[in-house]
Novice: 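Handing you this structure, nothing more for now.
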Amino acid sequence: AQSVTQPDIHITVSEGASLELRCNYSYGATPYLFWYVQSPGQGLQLLLKYFSGDTLVQGIKGFEAEFKRSQSSFNLRKPSVHWSDAAEYFCAVGATGGNEKLTFGTGTRLTIIP
Amino acid sequence: DAGVIQSPRHEVTEMGQEVTLRCKPISGHNSLFWYRQTMMRGLELLIYFNNNVPIDDSGMPEDRFSAKMPNASFSTLKIQPSEPRDSAVYFCASSAPLLAVKETQYFGPGTRLLVL
C-alpha cells in the first residue's frame with residue numbers, strides 16, 4: 001500500500017521569501033502525486049499533479065513541484081510567498097493500478113509573517 | 001458551476017443521536033468520495049462510489065457508519081448512534097467521468113460535526 005510523509009507539521013515564512021514544503025512517498029512503482037491546499041474553513045483545492053513525463057510540474061497560484069524518483073520525493077515550491085498563501089498543504093499519492101483511492105499526508109501548516 | 005455542495009455545514013448533536021450528512025456532487029461527475037478529517041488522524045477516506053455503486057468501504061470505521069448514493073446527484077453518510085469520538089470535519093469530493101485516479105477530486109466545504 002502507498003503512504004505519504006510530510007515531515008514538517010508547521011512552517012513559518014516571511015512574505016516575499018521562497019518556500020519549499022517536503023513530501024516523501026512510498027510506493028512500489030511510479031505513483032500519481034498531488035498537492036492540495038486547504039484554506040481555513042474550506043475544502044481542499046488541487047494545486048498540481050504529476051503522472052509522468054517532465055518531472056517539474058507547474059500548478060496554480062505560482063506553485064511548482066519536482067518529482068525525484070531517487071529520493072521518493074515530490075516537494076512543493078514557490079519563489080515568493082504572499083500572505084494569501086497561508087493555509088494547510090497536503091501531499092497525496094495515488095496508485096497506478098486504476099483504484100481511485102488517494103492517500104493523504106498529515107499536512108503542513110504554513111504561516112506567513114509580514 | 002456550484003461545486004460540491006454539502007449540508008449541513010455545522011452539526012451539533014448529543015451522543016446516541018442519529019446524524020445524516022448530505023452531499024451533492026458536481027453535475028456530470030460519477031465518482032464520489034467521503035473523507036473524515038481530525039487532528040489526530042488527518043484526512044481519511046471512508047468510502048467511495050463510482051456510478052452510484054460503493055467500490056471501497058474499507059475506511060468506514062464501524063457498523064455505526066453507513067453511506068448511500070441513491071442517484072448520481074445525491075449521497076448521504078449516516079452515523080447511528082453517534083459518539084463523541086465521531087466529532088470531525090466530514091468532506092465529500094467528486095471527480096470526473098473516467099474511473100482513474102488521475103482525475104482531480106473536487107472537495108466540498110465540509111460538515112463540521114460535534115457530538116456531545
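First the proteins, then the strands, lettered A, B, ... as listed; each starts at 1.
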Novice: Is B:Phe107 reachable from B:Ile47 through a run of I, L, V, M, F, W or Y residues, each pair having side-chain heavy atoms under 4.5 Å apart?
Specialist: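 No; B:Phe107 is not reachable from B:Ile47 via cluster members.
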Novice: Less than 4.5 Å to any heavy atom of chain B: does that hold for the side chain of A:Leu44, its backbone, both, or neither?
Specialist: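 Contact with chain B: backbone and side chain both.
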Novice: For residues A:Ile112 and A:Ile60: do they belong to one hydrophobic cluster (side chain heavy atoms under 4.5 Å, members Ile, Leu, Val, Met, Phe, Trp, Tyr)?
Specialist: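 The answer is yes; both residues are in one hydrophobic cluster.
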Novice: Hey, what do you get for OG1 (B:Thr104) to CZ (A:Phe34), rounding to the nearest 0.5 Å?
Specialist: 7.0 Å
Novice: Which heavy atom of A:Lys101 sits nearest to which heavy atom of B:Ser58, and what is that distance?
Specialist: NZ-OG, 3.5 Å
Novice: Should B:Tyr106 and B:Met69 be counted in the same cluster of Ile, Leu, Val, Met, Phe, Trp and Tyr side chains packed under 4.5 Å apart?
Specialist: no
Novice: Mind checking whether B:Met39 and B:Tyr35 sit in one hydrophobic cluster, side chains of I, L, V, M, F, W, Y counted as touching below 4.5 Å?
Specialist: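 Not linked; separate clusters.
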Novice: Would you say A:Trp35 ends up clustered with A:Val81 if hydrophobic residues are merged whenever their side chains have heavy atoms under 4.5 Å apart, either directly or through other cluster members?
Specialist: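 Yes, because A:Val81 and A:Trp35 connect within a single hydrophobic cluster, where side-chain heavy atoms sit under 4.5 Å apart.
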Novice: Any heavy-atom pair between the side chains of B:Tyr48 and A:Leu102 that's under 4.5 Å?
Specialist: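 With C-beta onward as the side chain, the pair stays apart.
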Novice: Quick one: does any side-chain atom of A:Tyr36 pair with a main-chain N or O of B:Gln105 as donor and acceptor, under 3.5 Å?
Specialist: yes
Novice: Please name the pair of heavy atoms, one in A:Gln38 and one in B:Phe91, separated by the smallest distance, quoted to 0.1 Å.
Specialist: NE2-CZ, 3.1 Å
Novice: Is B:Gln37 close to A:Phe90 at the side-chain level, that is, under 4.5 Å between some pair of heavy atoms?
Specialist: yes
Novice: Tell me whether the count of non-hydrogen atoms from other residues, nucleotides or ligands lying under 6.0 Å of CD1 in A:Ile113 goes above 12.
Specialist: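 It does: A:Ile113 CD1 has more than 12 such atoms within range.
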Novice: Does any heavy atom of chain A fall under 4.5 Å from the side chain of B:Gln6, the backbone, both, or neither of them?
Specialist: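 Neither part.
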Novice: Got more than 12 heavy atoms from elsewhere within 6.0 Å of CZ, B:Arg64?
Specialist: yes
Novice: Go through the atoms of B:Arg41 and report whether side chain, backbone, both or neither lie under 4.5 Å from a heavy atom of chain A.
Specialist: neither
